[in-house]
Amino acid sequence: MNHLINEKSPYLLQHAENPVNWYPWCKEAFDRAEAEDKPVFLSIGYSTCHWCHVMAHESFENNEIAEILNKEYIAVKVDREERPDIDAVYMNVCQAVTGSGGWPLTVILTPSQNPFFVGTYFPRNSLYGQAGLIDILRKIAFMWKNQKEDLLNAGADIVRSIFHREEQEQVSGTPSQALLEIGADILSQNYDKQYGGFGQAPKFPVPHNLMFLMRYGKVRKNDAFLSMVKNTLYRMGVGGIFDHIGGGFSRYSTDSKWLIPHFEKMLYDNALLAIAYMEAYQLTKDNFYKAVARQTLDYMMRELKGEDGGFFCGQDADSEGVEGKYYYFTPDEIMDVLGSEKGKEFCSIYDITDNGNFDGKSIPNLIAWKDKNKSCNKEKAQEEWEIIHKKTKESRERLYRYRKERTHLHRDDKVILSWNGWAIIAMAMGGQIFNDERYKKTAEDTRSFIAERMTDENGRLFLRWRDKEAACEGSLDDYAVYGLALLKLYELTFDTSYLKEAVLRGEQLEEFFKDKETGGYYLTPSDGEKLISRPKETYDGAVPSGNSAAAVFLGRLSRYTGDIRWKEASKIQNYFIAGAMGKYPYGHSLGLEALMEALYSSKELVCVTAEGGIPKEVAEYISENTDFNLSLILKTKENAMELADIAPYTKDYPIPQEGCVYYLCQNGECKRPETSFGTIRKIINTEEFNSNKF
């Protein structure tokens with residue numbers, strides 16, 4: 001056993017029995033490196049990462065490599081999901097030095113944590129011109145003993161260049177329609193008209209790109225953007241990237257038509273994709289999007305939710321050391337499970353063939369069905385899909401049970417707070433749009449889990465929970481995304497305690513994360529562990545950045561509370577985000593959403609009622625319509641005092657003797673009070689009220 005044996009991270013525990021004498025990231029490791037005058041070998045990855053497994057089996061379970069590392073280096077393992085700050089610092093180095101990045105991330109450091117060598121996956125032995133890990137380790141060990149000054153200088157130069165790069169990136173910009181147009185236009189230029197998505201294979205879903213285009217298309221009244229989103233969501237939903245047996249989406253597709261996925265499933269992908277599909281359903285009323293969204297939410301609840309209420313990180317791509325084994329089938333297997341008649345029908349519909357579509361086996365998909373029906377009108381295609389969906393329901397359920405008994409998937413059972421924030425938002429939307437109490441309860445249970453298990457006695461958040469232990473100080477992403485989740489819970493329940501806590505999280509953002517000199521928010525808190533740099537991330541990659549989430553959160557918080565401090569904080573953050581986008585706004589799609597919410601007209605509706613709850617017709621309107629810039633406040637006798645503390649402007653709205661009174665405003669201009677929601681609905685839907693631009 002090495003020093004990882006007492007860790008909680010599933011990734012670190014996967015390496016606890018390696019012959020390499022691994023340390024977790026800790027003072028002891030760097031003190032020992034200093035005392036013994038050795039470089040530090042840093043390896044960063046996560047437990048469901050396929051190539052992390054490959055490098056582990058090839059190299060870290062190899063005695064020859066272990067002997068070199070144990071003799072010449074101090075070896076440190078980091079779970080990137082537990083320590084996104086460490087990962088961000090050294091991934092920035094990797095991208096600056098090599099022009100790309102990924103996991104496993106391999107870095108060699110001085111005892112003072114300065115990197116002087118960086119890369120990603122390395123084979124054990126040199127092959128086809130690629131340096132092997134054995135040769136790299138031996139060469140650097142020789143240089144450390146004979147040319148150490150060169151390595152120290154290289155490390156110092158890299159750190160200086162990173163600081164210089166970060167300083168250059170701190171440029172304030174101006175939020176504008178032009179940024180939105182550039183982002184949408186470049187996404188359009190990269191759009192695959194045949195199979196949907198953006199760019200070439202491998203294809204990543206990037207659901208926040210789709211959400212931006214949906215919302216931008218709506219406010220600009222441009223159906224072309226919505227058409228791109230609809231085709232992409234349809235193509236992903238019929239492809240092999242979607243698990244037609246158990247629900248949920250894999251990480252990405254290795255081909256252009258979404259057939260062959262990289263099979264790992266992550267919580268954040270599925271939460272964000274569920275949100276995108278639900279918004280598409282609200283816009284189109286197409287039951288295909290509804291079904292995919294519900295199957296994804298159900299997958300999250302069934303496979304990723306723990307008994308205590310938190311959602312786990314994800315599931316591995318490999319089963320019994322084979323990538324995708326859990327997911328593919330042969331025709332004989334299908335016949336054995338379903339019988340001849342049902343089996344043939346299922347194989348015909350879901351492309352299960354003798355030749356297979358993946359290494360001689362078959363990944364269930366509906367791509368051929370989609371192509372066969374692409375000439376049908378929308379209503380006919382939707383009808384056809386609903387027929388086969390119902391027809392195969394029992395077969396899919398039987399295959400799901402068979403698949404679980406056939407083999408199993410490793411599950412990373414950490415709870416990451418920010419990812420759970422996205423899960424809360426998805427579940428709350430599911431409860432609201434589908435009027436499903438299961439999703440509503442799940443959203444509230446997950447929030448209770450965070451409040452009880454991942455919040456300390458001072459009200460600060462932890463980043464990770466596992467095995468009855470909360471650890472790692474909360475990052476910017478945790479506070480910002482959780483703040484958004486609290487606002488979504490308020491929209492679902494109108495419980496003012498959620499608004500009150502959202503204000504607290506906004507205050508903590510300002511106190512612990514804000515860069516008061518150049519704008520934006522740091523990834524780590526001001527009282528957190530000091531690394532060689534303090535990252536400030538803005539790029540919306542697989543997961544939207546904390547700065548983009550903060551921009552959206554602050555804008556919405558200002559509209560709900562009417563508080564000038566949040567309005568000012570939102571304005572400052574939007575200028576920072578606009579500057580961070582530079583010439584590449586399409587890489588900041590959630591940031592573009594924040595700017596869009598600021599640039600286009602906002603609508604505030606206060607419902608003051610004598611009867612206690614939200615009127616049924618209002619609840620139905622919210623569930624049926626996507627109104628991205630509508631903020632709804634409910635004032636009752638019971639919550640009037642608490643609401644006045646959170647949103648002081650509401651104290652001037654009197655409680656009526658009976659029924660409801662509605663106060664509707666747009667861009668600071670208020671309409672006369674109305675007692676009929678039907679009248680309010682007509683106003684909201686008028687062309688004049690939706691002119692959007694100031």
Side-chain angles (χ1 to χ4, degrees), residues 170-177 179-180 183 208 211-212 215-216 219 421 425 476-488 490-491 498-522 536-538 540 544-581 585 588-605 627-633 646-650 665-669 692-694:
Q170 311 305 315
V171 179
S172 180
T174 301
S176 67
Q177 300 283 351
L179 286 172
L180 304 179
H208 29 295
M211 287 185 269
F212 163 66
R215 297 171 184 186
Y216 188 63
V219 298
I425 293 169
L476 167 64
D477 299 56
D478 299 309
Y479 286 85
V481 180
Y482 186 43
L484 282 172
L486 290 164
L487 292 181
K488 183 57 70 175
Y490 175 74
E491 293 172 9
Y498 294 132
L499 265 185
K500 184 176 181 180
E501 187 181 353
V503 170
L504 169 65
R505 300 309 168 196
E507 291 170 343
Q508 290 171 325
L509 277 183
E510 296 295 288
E511 180 178 359
F512 297 109
F513 296 92
K514 190 176 184 68
D515 182 347
K516 295 178 174 62
E517 294 182 3
T518 58
Y521 296 86
Y522 290 110
K536 192 194 292 182
E537 298 190 312
T538 59
D540 294 331
S545 73
N547 268 292
S548 290
V552 177
F553 171 51
L554 292 168
R556 293 179 185 174
L557 191 61
S558 71
R559 290 190 287 277
Y560 271 111
T561 64
D563 193 325
I564 189 66
R565 60 176 169 161
W566 302 124
K567 185 176 182 180
E568 185 63 21
S570 171
K571 175 185 172 183
I572 293 170
Q573 181 65 358
N574 284 336
Y575 273 81
F576 169 77
I577 286 290
M581 288 178 183
H588 302 78
S589 52
L590 188 66
L592 288 171
E593 286 187 42
L595 300 189
M596 185 163 54
E597 291 185 11
L599 289 166
Y600 283 84
S601 63
S602 63
K603 308 160 194 172
E604 295 82 31
L605 177 62
D627 208 334
F628 303 122
N629 257 11
L630 175 66
S631 304
L632 175 61
I633 291 277
I646 302 165
Y649 70 94
T650 61
C665 302
Q666 181 191 37
N667 304 331
E669 178 184 313
N692 296 314
K693 292 183 180 180
F694 288 120

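- Using a 4.0 Å cut-off between a side-chain N of Lys or Arg and a carboxylate O of Asp or Glu, Glu568 and Arg565 do not qualify as a salt bridge.
- Put simply, the side chain of Gln573 gets close to the backbone of Asn547: a donor and an acceptor are under 3.5 Å apart.
- The closest side-chain heavy-atom distance from Val503 to Lys500 is not below 4.5 Å.
- Minimum heavy-atom separation, Ala578 to Pro175: CB-N, 3.7 Å.
- Using modelled atom types, one side-chain atom of Asn629 and one backbone atom of Tyr600 make a donor-acceptor pair closer than 3.5 Å.
- Atom OH of Tyr521 is separated from atom CZ of Phe576 by 10.0 Å, given to the nearest 0.5 angstrom.
- In this structure, CE on Met596 lies 6.5 Å from CZ on Arg215, to the nearest 0.5 angstrom.
- The ring pair (Phe, Tyr, Trp, His ring centres under 6.0 Å) test applied to Tyr560 returns Tyr490, not counting sequence neighbours.
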(message) Applying side-chain contact (heavy atoms from CB on, under 4.5 Å) to Trp566 and Arg556, what does each step give before you reach the verdict?
(response) CA-CA 9 Å; Trp566 302 124; Arg556 293 179 185 174; over 6 Å; no
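- Here the closest heavy-atom approach between residue Gly506 and residue Leu557 is recorded as CA-CD2, 4.4 Å.
- Between Pro585 and Gly183 the shortest heavy-atom distance is CG-N, 3.8 Å.
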(request) Starting from the C-alpha separation in whole Å, work towards a yes-or-no answer on side-chain contact (heavy atoms from CB on, under 4.5 Å) for Leu487 and Leu499. (result) CA-CA 6 Å; Leu487 292 181; Leu499 265 185; 3.6 Å; yes
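- Summarising the geometry of Glu593 relative to Met211, their closest heavy-atom pair is OE2-CB, 3.5 Å, with the distance given to 0.1 Å.
- Contact of the Lys571 side chain with the Asn574 side chain is not registered, since no non-hydrogen atoms from C-beta on lie closer than 4.5 Å.
- Annotation: the span from Ser545 atom OG to Asp477 atom CG amounts to 7.0 Å, rounded to 0.5 Å.
- Of all the heavy atoms in Ala580 and His588, the pair that sits closest is O-NE2, 3.7 Å.
- The structure places CD1 of Ile577 at 11.0 Å from CG of Leu179, a figure rounded to the nearest 0.5 Å.
- Counting only heavy atoms from C-beta outward, the side chains of Tyr649 and Ile633 approach each other to under 4.5 Å.
- Formation of a donor-acceptor pair under 3.5 Å by the Lys536 side chain with backbone atoms of Gly519 is found in this model.
- Nearest heavy atom pair, residue Gly546 against residue Ala480, reads O-CB, 3.8 Å.
- Rounded to the nearest 0.5 Å, atoms OG (Ser548) and CG (Leu595) are 8.5 Å apart.
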(request) Evaluate side-chain contact (heavy atoms from CB on, under 4.5 Å) for Met581 paired with Leu592, printing each intermediate quantity in order. (result) CA-CA 9 Å; Met581 288 178 183; Leu592 288 171; 3.6 Å; yes
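- Salt bridge status for Glu597 with Arg559: present, with a side-chain N to carboxylate O gap under 4.0 Å.
- One distance of note links CD of Glu501 with OH of Tyr482; it measures 4.0 Å at 0.5 Å rounding.
- Side-chain contact between Leu599 and Gln177 is present, with heavy atoms from C-beta onward closer than 4.5 Å.
- Checked against Phe513 for a ring pair (Phe, Tyr, Trp, His ring centres under 6.0 Å), the options Phe553, Tyr522, Tyr479 give a single hit: Tyr479.
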